[in-house]
Structure formats: structure tokens, C-alpha cells
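Remarks on the structure that follows.
Below, chain A is the first sequence line, B the second, and so on; all start at residue 1.
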2 protein chains.
Amino acid sequence: MAEAAIAITNELPVPGNVPVSPKRMAIVAAAGKLFVGNGFGATSMDAIAAEANVSKRTVYSHFDNKEALFAGVMEEACTSQRGEEGCPLNCDADITAVPPKEMLHQVALHVLTIITAQQTTELFRVVMGESGRFPELGRTFWDNGPGWVLETVTDYLGAATAAGLLNVDDPKKAARQFFGLMVDPIKLELTLGLRGEPTAAEVETMSADAAEAFLKIYG
Amino acid sequence: MAEAAIAITNELPVPGNVPVSPKRMAIVAAAGKLFVGNGFGATSMDAIAAEANVSKRTVYSHFDNKEALFAGVMEEACTSQRGEEGCPLNCDADITAVPPKEMLHQVALHVLTIITAQQTTELFRVVMGESGRFPELGRTFWDNGPGWVLETVTDYLGAATAAGLLNVDDPKKAARQFFGLMVDPIKLELTLGLRGEPTAAEVETMSADAAEAFLKIYG
DNA sequence: GTCTATAAAGGGATAGAC
DNA sequence: GTCTATCCCTTTATAGAC
């Protein structure tokens with residue numbers, strides 16, 4: 001009986017067998033669209049309910065208030081954009097089998113492809129704008145994005161140095177420098193709306209430049 | 001008669017003999033405080049008028065609408081924070097007389113001191129959050145901040161290479177790399193509220209590291 | 001769980017006197 | 001330029017029926 005009810009109200013089970021209400025998903029999707037488009041303060045719960053084709057009372061039955069809904073949207077967005085699977089540093093193969101230049105190039109390619117995407121930029125804007133008022137939001141974003149990259153690269157640089165492929169004295173500092181060489185100031189220009197998403201060729205060039213510059217420091 | 005009226009209504013003339021209404025200044029200051037604290041969408045014109053101890057009608061007599069007021073706040077904030085005067089690249093002395101390492105160190109120190117300040121971070125958050133909806137705002141911020149730094153550093157790197165002090169083939173690209181080595185990912189951590197303003201000693205270390213790393217690439 | 005209806009408050013913008 | 005007073009609309013959140 002209980003299982004039948006779950007089957008009816010949850011048409012789209014997600015991996016891990018966690019049942020997610022389709023109405024809840026619609027609300028989160030609608031809220032995400034409107035928060036990104038209009039900002040947090042200028043988005044009304046009315047508009048979210050209308051966009052989700054759901055009554056306002058239903059919104060409040062899933063989320064206690066506007067802030068909780070915002071947090072839900074960001075959690076969803078962050079986890080759906082992590083993209084760990086495609087990362088060259090996240091495979092099972094021996095990372096020291098690939099030349100560092102090639103490895104760093106691939107990592108930069110992966111990271112830049114994700115963070116220069118239009119959708120990422122729009123999410124980024126909202127997170128930046130609201131992280132002053134939602135401290136936990138900044139932490140969630142960091143852990144699911146830049147923080148994860150830094151950690152992963154730090155580990156790689158340590159391993160590559162241990163294998164004699166690189167000459168990195170402080171892997172943490174070096175990872176931060178590589179991060180800076182990759183993303184700046186392109187990320188800033190994108191966020192400020194001063195340029196559009198780069199082409200694949202441009203991303204390729206930026207990645208190669210970042211890897212090359214990094215190797216001149218630690219090669 | 002007209003001069004007398006100006007003298008009465010403008011108690012605080014600014015350098016350049018441009019008279020600025022004290023009420024207008026109060027409005028801009030109040031709006032800046034509230035926009036930073038609550039975001040653009042969640043800040044009301046009522047609240048701004050109250051914070052400025054001014055009637056709402058007075059706000060509308062100085063700024064046509066909320067957007068115009070926001071633009072005014074950002075223009076003021078950007079110009080007041082440029083800090084060009086203290087920049088080592090903006091003095092009259094011969095820039096090639098100083099060793100590049102020392103010069104880059106001083107530049108990084110100057111830039112990092114400005115952009116890691118609490119006030120800058122708070123402004124930065126608002127600009128990021130709203131630049132999707134106010135394209136001109138992103139441009140204004142860029143021109144008065146990062147864009148100016150990049151341009152200035154690009155010029156310096158070209159001059160230093162011409163003088164035989166550096167070996168920079170592409171000054172524009174190199175300036176962007178120096179920018180990345182300086183500000184990332186500390187700027188991101190600050191914006192996300194994950195850490196507080198660094199100490200003077202930390203800024204000093206970051207500046208030295210950036211200059212040192214850059215010279216390993218182009219020294 | 002979901003809806004319609006509504007309460008209670010606050011939003012942007014304006015009119016007209018001084 | 002500045003103020004008081006106000007229009008008209010939208011907001012968040014809740015009540016009560018189904």
C-alpha cells in the first residue's frame with residue numbers, strides 16, 4: 001500500500017533509489033530558472049509556483065520558506081554540475097603513466113569546459129551575489145567545484161613529484177597557481193558579461209597555455 | 001543669486017569643483033550600504049530613503065529609478081576604490097630602473113591589498129550578482145578595476161621586455177597569467193565568504209609568490 | 001497533498017504644497 | 001529641491017475546503 005503510493009507520486013526515481021517527488025523537481029527547476037534570471041530578492045514565490053504549474057501552498061509544503069528553497073536549488077545545481085566522471089584525474093589508470101604536460105592540459109580542458117559554460121556562469125553569478133547572506137551556500141559551492149579541483153590537483157602534483165615527473169615543493173600552493181593560470185581572468189570576464197562562451201578552439205589554447213606556463217615553473 | 005543657492009545646497013564640494021549635493025551623497029551612501037547588505041532586489045526605495053534620512057520623493061528627484069540609483073552607487077564605489085595613485089606602475093620614475101621582481105612584487109602588493117579588502121569583496125559580490133541583468137555595470141567595474149590592472153601590467157611587461165629585463169613574447173597573455181597568479185583562488189574564497197581578509201603578512205607572501213612564479217616563466 | 005481565496009504587509013512610483 | 005500623503009500593485013505566508 002505504502003509502496004503503491006510512492007510509485008504513484010514519484011514517477012522519476014533517481015539513481016540510488018531515493019524517491020523524488022516530480023512536483024518538487026518542478027518547483028526546484030522553476031525556482032532555479034527564476035532565481036538565475038531575476039535574482040533572489042526579485043523572484044516571488046508566486047512566480048515560482050506559476051512557473052512550476054503548482055499552487056503556492058504546494059511550494060510551502062516542500063520548502064519552509066524562500067531561503068530553504070534557494071538552498072535546495074543550489075544543492076541540486078552544484079551536484080548536477082560536478083562532472084567528476086569525465087575528469088582525467090578521476091580515472092583508475094596510473095596517472096604517472098601520462099606525461100605531466102599532457103595530464104595538466106587535459107585537466108585544464110576539463111575544468112575550463114565546465115566553468116566557461118553559460119549555465120555555470122549564470123549559476124556562478126547567483127552564488128556570488130548571495131553568498132554574503134547565505135554562508136553555507138558558499139561552502140557548498142566550493143566543495144562541489146573549485147575546492148574539489150584544488151584537492152584533486154594537489155594530490156596529483158604530489159604524486160607526480162614523488163614519481164620524479166615534476167619538481168613541486170608545495171603541492172597546495174602549486175595547485176592554486178595552476179588554478180589561477182587556468183581560469184583567470186576569463187572567468188571574471190564571463191561573469192561580468194563582457195564576453196561570450198569561448199569556442200572549443202579557444203578553450204584548447206587556454207588549456208595548453210596554462211599547462212605550458214605551469215611547467216615552466218615546476219617542470 | 002544662483003551661486004548663493006549652490007553654496008547653500010552643496011556644503012561639500014569635491015576636488016575638481018564639481019558641486020555634489022549632500023543629500024545625493026547621503027542617498028548614494030545609504031543605497032550602497034543596503035544594496036551590499038540585502039542585495040538589489042531585496043532593497044526597497046523606502047528603506048533607502050529612511051537610511052538616508054530623506055524623503056522618498058527626494059530619492060526619485062535625484063535618480064529616475066532604482067536601476068539608475070544602483071548604477072550611481074557602483075560608479076561612485078568604483079572610482080573611490082581605484083587607488084591608482086598608490087600604484088607603483090603609475091609614478092613618474094623610470095620603471096625600467098627597478099628590477100622586474102621588485103616591481104612585480106610591489107604591483108601584486110598594491111593590487112592584493114585593494115581586492116582583498118572587506119569593502120571590495122562586498123562590492124564585488126553585488127556586481128557579480130547583478131551583472132547579468134546590468135551589462136553596463138560589468139563593463140564599468142572591469143574598466144575601473146581588473147581591466148585597468150591588466151592594461152597597465154601589459155604595458156609594463158612590453159616596456160620591460162624592450163629594455164631587456166624580461167623575456168615576454170605576448171605581453172597581453174603574460175599579464176593575464178600574472179593576474180591569475182596574483183588573485184586566484186584567494187579572491188574566490190573571499191567572495192564565497194570562506195575566509196576573512198588576509199593579514200598584511202599573508203598579502204606580502206602571496207605577492208612574493210606571484211612575482212617569483214611569474215619570473216620563472218618569463219625571467 | 002493540493003487547491004482557491006485571502007489576510008497583512010510592503011513594494012515602486014506619483015501629486016501637489018512649500 | 002524637498003516634503004507629506006497616497007495610489008495601486010505585488011509580496012510572503014496562511015486558512016480552510018476537497
- request: Name the closest nucleotide to the Ser55(B) side chain, picking from dG1(D), dC3(C), dT4(D).
  value: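 Nucleotide nearest to Ser55(B)'s side chain: dT4(D).
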
query: dC3(D), dT2(C), dT2(D): which one has an atom nearest the side-chain heavy atoms of Ser21(B)?
result: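 Nearest to the side-chain atoms of Ser21(B), counting from C-beta on, is dT2(D).
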
Shortest non-hydrogen contact between [X] and [Y], atoms and distance:
{"X": "Val107(A)", "Y": "Phe178(A)", "answer": "CG1-CE2, 4.2 Å"}
{"X": "Thr120(A)", "Y": "Ile114(A)", "answer": "OG1-O, 2.7 Å"}
{"X": "Gly138(B)", "Y": "Leu194(A)", "answer": "C-CD2, 3.9 Å"}
{"X": "Leu150(A)", "Y": "Pro185(B)", "answer": "CD1-CG, 3.7 Å"}

Grab the [atom1]-[atom2] distance between [X] and [N] for me, whole Å please.
{"X": "Phe63(A)", "N": "dA13(D)", "atom1": "CZ", "atom2": "C1'", "value": "16 Å"}
{"X": "Met25(B)", "N": "dG1(D)", "atom1": "CE", "atom2": "P", "value": "15 Å"}
{"X": "Arg57(A)", "N": "dT14(D)", "atom1": "CZ", "atom2": "C1'", "value": "7 Å"}

task: Give a yes/no on whether any side-chain N or O of His62(B) is located under 4.0 angstrom from OP1 or OP2 of dT2(D).
output: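 For His62(B), the contact criterion (side-chain N or O under 4.0 Å from OP1 or OP2 of dT2(D)) is met.
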
field: side chain to side chain contact (heavy atoms under 4.5 Å, CB included) partners of Ala159(B), counting only residues at least two apart
entry: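 Checked Ala159(B) against side chain to side chain contact (heavy atoms under 4.5 Å, CB included); matches are Ile95(B).
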
message: Checking Glu204(B) against His105(B): is there a side-chain donor and acceptor pair closer than 3.5 Å?
response: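 Yes, a side-chain donor-acceptor pair sits under 3.5 Å.
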
Which pairs, protein N/O on one side and nucleotides 9-12 of chain C N/O on the other, fall under 3.5 Å?
unit_1: dG11(C); atom_1: OP1; unit_2: Ser44(B); atom_2: OG; d: 3.2
unit_1: dG12(C); atom_1: OP1; unit_2: Thr43(B); atom_2: O; d: 3.3
unit_1: dG12(C); atom_1: OP1; unit_2: Met45(B); atom_2: N; d: 3.4
unit_1: dG12(C); atom_1: OP1; unit_2: Lys66(B); atom_2: NZ; d: 3.2
unit_1: dG12(C); atom_1: OP2; unit_2: Met45(B); atom_2: N; d: 2.6
unit_1: dG12(C); atom_1: N7; unit_2: Lys56(B); atom_2: NZ; d: 3.3

